[in-house]
Undergrad: 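My questions will all concern the structure given below.
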Amino acid sequence: MMAMVMMLFCIPLIGVEARQVVVERRNLLANGLGKTPPMGWNSWNHFFCNINEKIIRDTADALVSSGLAKLGYRYVNIDDCWAEHDRDSMGYLVSRRSTFPSGIKALADYVHSRGLKLGIYSDAGYQTCSGTMPGSLGHEQKDAETFASWGIDYLKYDNCNNEDLKPMKRYPEMTRALMSTGRPIFLSICEWGDMHPALWADRLGNSWRTTMDIQDTWESMVSRADENEVYAEHARPGGWNDPDMLEVGNGGMSNDEYIVHFSLWAASKAPLLIGCDVRNMTNETLTILGNDEVIAVNQDPLGVQAKKVRMEGDHEVWAGPLSGFRTVVVLLNRSPEFRPITAEWDDIGIPMNTVVEVRDLWEHSTLEKRFVNRLGVNVRPHACKMFLLTPRPLSQ
Ligand code: GLA
């Protein structure tokens, strides 16, 4: 009898597990990471090569003290320029003595002690993009083992100085090397969208850059969002399109423009990697990066990237499904003037006649009125509205 009961309980469980294995086996990178887009900070967009271990430690502290860590920003990612120009006599990477004298392992220990994770940077070429340190091409196993032994949790793997070797001859080596260490390390493939990585990188990494580097301007930001949108169908839990890191807080855009930046990245299920100096943020910056309702859209378990569903000249509607039959809608005004923008249920994938409750994610308020078939508002120049739509019975 007991055995019967056990069997009844076990059979369905084994079934679920087996299915999961089958699904994951199709993905070479079954490291279990990136079930939702990664969140954290990266040194490049603000500091470029001017980094040192104190900046990294203080950034970890600031993520915690500002409350951003609690909201999900857990990865503290060191970008280019952290290593000596040459490997040591045994062929190992060496952290730069003048700027990282305590070494990366000590930094990882510190960052871990703050409840955060440490990311590092290398390149699928002979040198990194700055030209100041070696790349990992031909040294994948050694470098992966080094990163794992230091306690690294995330690797951004760039694309410079590759002597025109095709990505498929360079990136899989690092994937295999990381897997062989046994340590789950998030792999961010930074191939700039050159050879359409959305079409092949899902088997190799947890995210892939779909664009060239972002700059801290409106034009650069919206064009990165556009280029990334083309590949929306390829994003899914475990592997995400990456339109590059956030510029919010770096000073080149207006507050409304930064709100557009953060809204589009969140709805696009992009990695939310802060690129400003979090030790010295304004309240406006913290309010944008710390919008928990917008973050929840990005981290929604359904993991479906929003798409541009209607364009009318200089304004447009982006929308995507969320868990619980909800829908996120971004009404984007690219023009220098006010524009009325309307989301039609037909365009955003809600069945006609569905009554919805509308939550304004930047005002943090639920609109009193219920909406059926369309939702239209006036949007400021270079700005957006971001709404969460939830189906409701008509009478409530
Ligand atoms: C490339 C990457 C950037 C940054 C720099 C560092 O340009 O795309 O994100 O990592 O290299 O040199």
Side-chain angles (χ1 to χ4, degrees), residues 38 40-60 75-88 92-105 107-108 111 117-140 142-144 146-147 150 152-163 165 167 170-171 174 178 185-194 197 205-216 220 224 242-247 250 271 273-278:
W41 172 89
N42 172 291
S43 52
W44 186 255
N45 282 356
H46 186 85
F47 294 96
F48 301 97
C49 265
N50 305 315
I51 49 169
N52 57 52
E53 61 184 39
K54 180 164 166 37
I55 291 177
I56 306 297
R57 272 200 313 266
D58 292 351
T59 295
Y75 287 107
V76 180
N77 293 349
I78 310 171
D79 208 279
D80 204 351
C81 308
W82 61 268
E84 286 288 341
H85 185 270
D86 295 311
R87 292 172 182 272
D88 70 11
Y92 288 102
L93 290 167
V94 184
S95 59
R96 205 186 274 189
R97 291 179 196 89
S98 57
T99 46
F100 291 87
S102 319
I104 305 297
K105 170 91 175 62
L107 204 47
V111 167
K117 294 174 179 297
L118 188 69
I120 208 155
Y121 164 96
S122 187
D123 186 283
Y126 296 106
Q127 269 197 327
T128 64
C129 295
S130 68
T132 65
M133 57 174 275
S136 292
L137 192 61
H139 302 264
E140 291 84 357
K142 199 160 250 184
D143 292 353
T146 303
F147 298 149
W150 286 344
I152 291 294
D153 304 294
Y154 183 116
L155 173 66
K156 171 173 170 182
Y157 203 40
D158 214 339
N159 195 31
C160 279
N161 305 306
N162 60 50
E163 297 190 350
L165 266 176
R170 297 178 287 117
Y171 284 94
M174 183 52 91
L178 289 174
I185 296 180
F186 186 105
L187 181 56
S188 151
I189 293 189
C190 181
E191 192 261 4
W192 318 320
D194 267 6
N206 300 109
S207 67
W208 43 87
R209 275 273 294 279
T210 53
T211 71
M212 296 301 288
D213 290 9
I214 194 171
Q215 266 140 43
D216 190 13
S220 171
R224 298 306 178 265
D242 174 7
D244 206 358
M245 301 166 299
L246 297 167
E247 291 283 7
N250 279 332
L273 294 172
I274 299 172
C276 69
D277 182 359
V278 289

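For the single chain, residues carry numbers from 1 onward in sequence order.
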Undergrad: Relative to each other, are the rings of Phe186 and Tyr154 parallel, tilted or perpendicular (30° and 60° limits)?
TA: parallel
Undergrad: Using only heavy-atom distances, determine whether the side chains of Ser130 and Asp80 contain a donor-acceptor pair under 3.5 Å.
TA: yes
Undergrad: Taking Lys156's backbone N and O only, do any of them form a donor-acceptor pair with Ser188's side chain (distance below 3.5 Å, no angle check)?
TA: no
Undergrad: When rounded to the nearest 0.5 angstrom, what distance separates CG in Asp277 from CG in Asn250?
TA: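 Rounded to the nearest 0.5 Å, the CG-CG separation comes to 8.5 Å.
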Undergrad: So which heavy atom on Asp79 is nearest to which on Trp44, and how close?
TA: CG-CB, 3.5 Å
Undergrad: Look at the side chain of Arg170 and the backbone N and O of Leu165, then say whether any donor-acceptor pair between them is shorter than 3.5 Å.
TA: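 Yes, because the side chain of Arg170 sits within donor-acceptor range (under 3.5 Å) of the backbone of Leu165.
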Undergrad: First locate atom OG1 of Thr211, then atom CG of Asp213, and finally report the distance between them rounded to the nearest 0.5 Å.
TA: 7.5 Å
Undergrad: Is the closest basic N to carboxylate O distance between Asp143 and Arg87 below 4.0 Å?
TA: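 Salt bridge between Asp143 and Arg87, a charged N being under 4.0 Å from a carboxylate O: yes.
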Undergrad: Give, for atom OG of Ser122 and atom NE2 of His139, the distance between the pair rounded to the nearest 0.5 Å.
TA: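 The OG atom of Ser122 sits 10.0 Å away from the NE2 atom of His139.
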Undergrad: Out of Val111, Ile274, Asp153, Asn42, which residue meets the side-chain contact (heavy atoms from CB on, under 4.5 Å) rule with Val76?
TA: Val111
Undergrad: Would Asp158 and Trp192 count as having a side-chain donor-acceptor pair, cut-off 3.5 Å?
TA: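 Result is yes, a qualifying pair exists.
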Undergrad: Which atom names give the shortest non-hydrogen contact between Leu187 and Leu178, and what distance separates them?
TA: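 Reported closest heavy-atom pair: CD1-CD1, 3.9 Å.
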Undergrad: Sub-3.5 Å donor-acceptor pair from the side chain of Thr59 to the main-chain atoms of Ile55, do we have one?
TA: yes
Undergrad: Below 4.5 Å, heavy atoms only, C-beta onward: do Ile78 and Ile104 meet side chain to side chain?
TA: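 Ile78 reaches Ile104 side chain to side chain.
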Undergrad: Hey, could you give me the CG/SG distance between Asn159 and Cys129, rounded to the nearest 0.5 Å?
TA: 7.5 Å
Undergrad: Would a 4.5 Å heavy-atom cut-off, applied to side chains only, mark Gln127 and His85 as touching?
TA: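 In contact.
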Undergrad: Under 3.5 Å, is there a donor-acceptor pair between the side chain of Glu84 and the main chain of Arg97?
TA: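 Side chain of Glu84 to backbone of Arg97, a donor-acceptor pair under 3.5 Å: yes, one is there.
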Undergrad: Testing the basics here: between Leu93 and Pro134, what is the closest heavy-atom pair and its distance to 0.1 Å?
TA: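 Closest pair (atom of Leu93, atom of Pro134, distance): CD2-CG, 3.8 Å.
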Undergrad: Strictly distance-based, threshold 3.5 Å: is any side-chain N or O of Arg57 a donor or acceptor partner for the main-chain N or O of Leu107?
TA: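 Side chain of Arg57 to backbone of Leu107: no pair is present.
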Undergrad: Check the pair Ile120, Phe147 against side-chain contact (heavy atoms from CB on, under 4.5 Å), reporting the backbone distance first and the verdict last.
TA: CA-CA 8 Å; Ile120 208 155; Phe147 298 149; 3.8 Å; yes
Undergrad: Do Tyr121 and Thr128 come close enough that some side-chain heavy atom pair is under 4.5 Å?
TA: yes
Undergrad: Indicate yes or no for a side-chain donor-acceptor contact from Ser136 to the backbone of Ala124 under 3.5 Å, with no hydrogens or angles considered.
TA: no
Undergrad: Is there a side-chain contact between Thr210 and Asp242, using heavy atoms and a 4.5 Å cut-off?
TA: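 No. Closest side-chain heavy atoms not under 4.5 Å.
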Undergrad: For Trp82 together with Trp150, are the ring centres under 6.0 Å from each other?
TA: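 Yes, ring centres under 6.0 Å apart.
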Undergrad: Among side-chain atoms of Asn52 and Arg96, is any donor-acceptor pair under 3.5 angstrom?
TA: no
Undergrad: Looking at every heavy atom in both Glu191 and Arg209, which two are closest together, and how far apart are they?
TA: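 Smallest heavy-atom distance, with atoms named: N-CB, 4.1 Å.
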Undergrad: Tyr171 vs Tyr157, test: side-chain contact (heavy atoms from CB on, under 4.5 Å). Steps then yes/no.
TA: CA-CA 8 Å; Tyr171 284 94; Tyr157 203 40; 3.6 Å; yes
Undergrad: Roughly how far, to the nearest 0.5 Å, is OG1 of Thr146 from NZ of Lys105?
TA: 13.0 Å
Undergrad: As an exercise, state the distance from NZ of Lys117 to CD1 of Ile152, rounded to the nearest 0.5 Å.
TA: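 So the NZ of Lys117 and the CD1 of Ile152 are separated by 12.0 Å.
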Undergrad: So, for Glu53 and Ser102, which heavy atoms are closest and what is the spacing to 0.1 Å?
TA: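 Closest pair (atom of Glu53, atom of Ser102, distance): OE2-OG, 2.6 Å.
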Undergrad: Looking only at heavy atoms, what is the nearest atom pair of Asn45 and Met245, with distance?
TA: ND2-O, 3.4 Å
